[in-house]
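Notes follow once the structure below has been shown.
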Amino acid sequence: MDTRNQKSCLEMARGAIMERVDYEVSRQLQNIFDPNTSATAARKITVTLTLKPDDTRQNIMLSCTAKSTPVPTNPIVTMLYASDEDTVTEMAPQIPGQFSMDGQEQEPPATLRIIKFA
């Protein structure tokens with residue numbers, strides 16, 4: 001068998017399959033370097049090659065899909081304080097109006113409006 005003209009299947013379609021895989025890898029790298037995602041969670045890229053021959057088995061349609069599964073962003077957590085049935089306030093790191101060591105004033109926390117259903 002003459003191997004001088006053999007190429008990888010990733011080079012088919014004028015390199016478009018390889019380009020699609022490279023695109024998904026770059027998307028995953030962006031997800032890895034995003035500080036809002038888990039640093040150590042595994043990311044996955046799935047490449048599916050589908051070969052569909054015609055009735056004569058001479059013409060074969062090859063299609064490729066590349067799908068990546070990025071890691072979702074880390075959850076954002078806050079604490080709420082329920083002073084009574086009608087008032088829920090987000091807890092603040094310091095007393096509202098108080099100045100921190102760097103001179104910034106603590107803003108008052110948001111109070112949530114409780115909607116009661118009958």
Side-chain angles (χ1 to χ4, degrees):
M1 182 175 186
D2 187 11
T3 60
R4 287 179 288 169
N5 200 22
Q6 283 187 344
K7 292 185 176 182
S8 168
C9 65
L10 296 176
E11 295 179 74
M12 291 183 183
R14 295 184 303 277
I17 296 172
M18 189 178 340
E19 186 178 291
R20 186 68 52 93
V21 172
D22 288 343
Y23 173 76
E24 293 299 330
V25 169
S26 71
R27 285 185 58 204
Q28 292 294 22
L29 290 173
Q30 287 176 350
N31 185 260
I32 288 169
F33 293 121
D34 182 350
N36 295 312
T37 62
S38 171
T40 58
R43 278 76 169 172
K44 182 168 63 169
I45 298 173
T46 304
V47 178
T48 304
L49 298 174
T50 305
L51 291 92
K52 184 169 175 30
D54 67 1
D55 291 338
T56 65
R57 299 178 187 187
Q58 290 181 332
N59 299 313
I60 304 167
M61 182 178 68
L62 183 132
S63 67
C64 172
T65 56
K67 180 178 79 170
S68 60
T69 309
V71 173
T73 57
N74 296 329
I76 297 172
V77 179
T78 189
M79 296 293 292
L80 302 175
Y81 174 74
S83 55
D84 58 42
E85 247 181 56
D86 298 325
T87 308
V88 176
T89 306
E90 183 178 16
M91 296 177 74
Q94 60 195 38
I95 299 170
Q98 184 179 34
F99 287 95
S100 64
M101 295 300 285
D102 62 359
Q104 294 184 2
E105 184 178 352
Q106 175 66 48
E107 295 179 15
T111 301
L112 304 175
R113 189 177 75 185
I114 305 298
I115 300 172
K116 294 186 180 182
F117 296 98

Using the rule given for side chain to side chain contact (heavy atoms under 4.5 Å, CB included), can you reason through T37 versus I32, listing the C-alpha separation, both sets of side-chain angles and the distance that settles it, and then say yes or no?
CA-CA 7 Å; T37 62; I32 288 169; over 6 Å; no

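- Identified under the side-chain hydrogen bond (donor to acceptor under 3.5 Å, both in side chains) test for residues 8-21, with sequence neighbours left out: none.
- To the nearest 0.5 angstrom, L29 atom CG is 12.5 Å from D34 atom CG.
- Proximity of L49 to C9: side-chain heavy atoms (C-beta onward) are separated by under 4.5 Å at one or more points.
- For S38, the side chain to side chain contact (heavy atoms under 4.5 Å, CB included) partners at least two apart in sequence or on another chain are T40, A41, V71, N74.
- Qualifying side chain to side chain contact (heavy atoms under 4.5 Å, CB included) partners for T78, counting only residues two or more places apart in sequence or in other chains: E90.
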Acceptor/donor pairs from residues 57-70 side chains to any protein atom, 3.5 angstrom cut, sequence neighbours excluded:
| unit_1 | atom_1 | unit_2 | atom_2 | d |
| --- | --- | --- | --- | --- |
| N59 | ND2 | D54 | OD2 | 3.0 |
| S68 | OG | E24 | OE1 | 2.5 |

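- Follow the hydrophobic side-chain contacts under 4.5 Å out from Y23 and you never reach I45; the two are in separate clusters.
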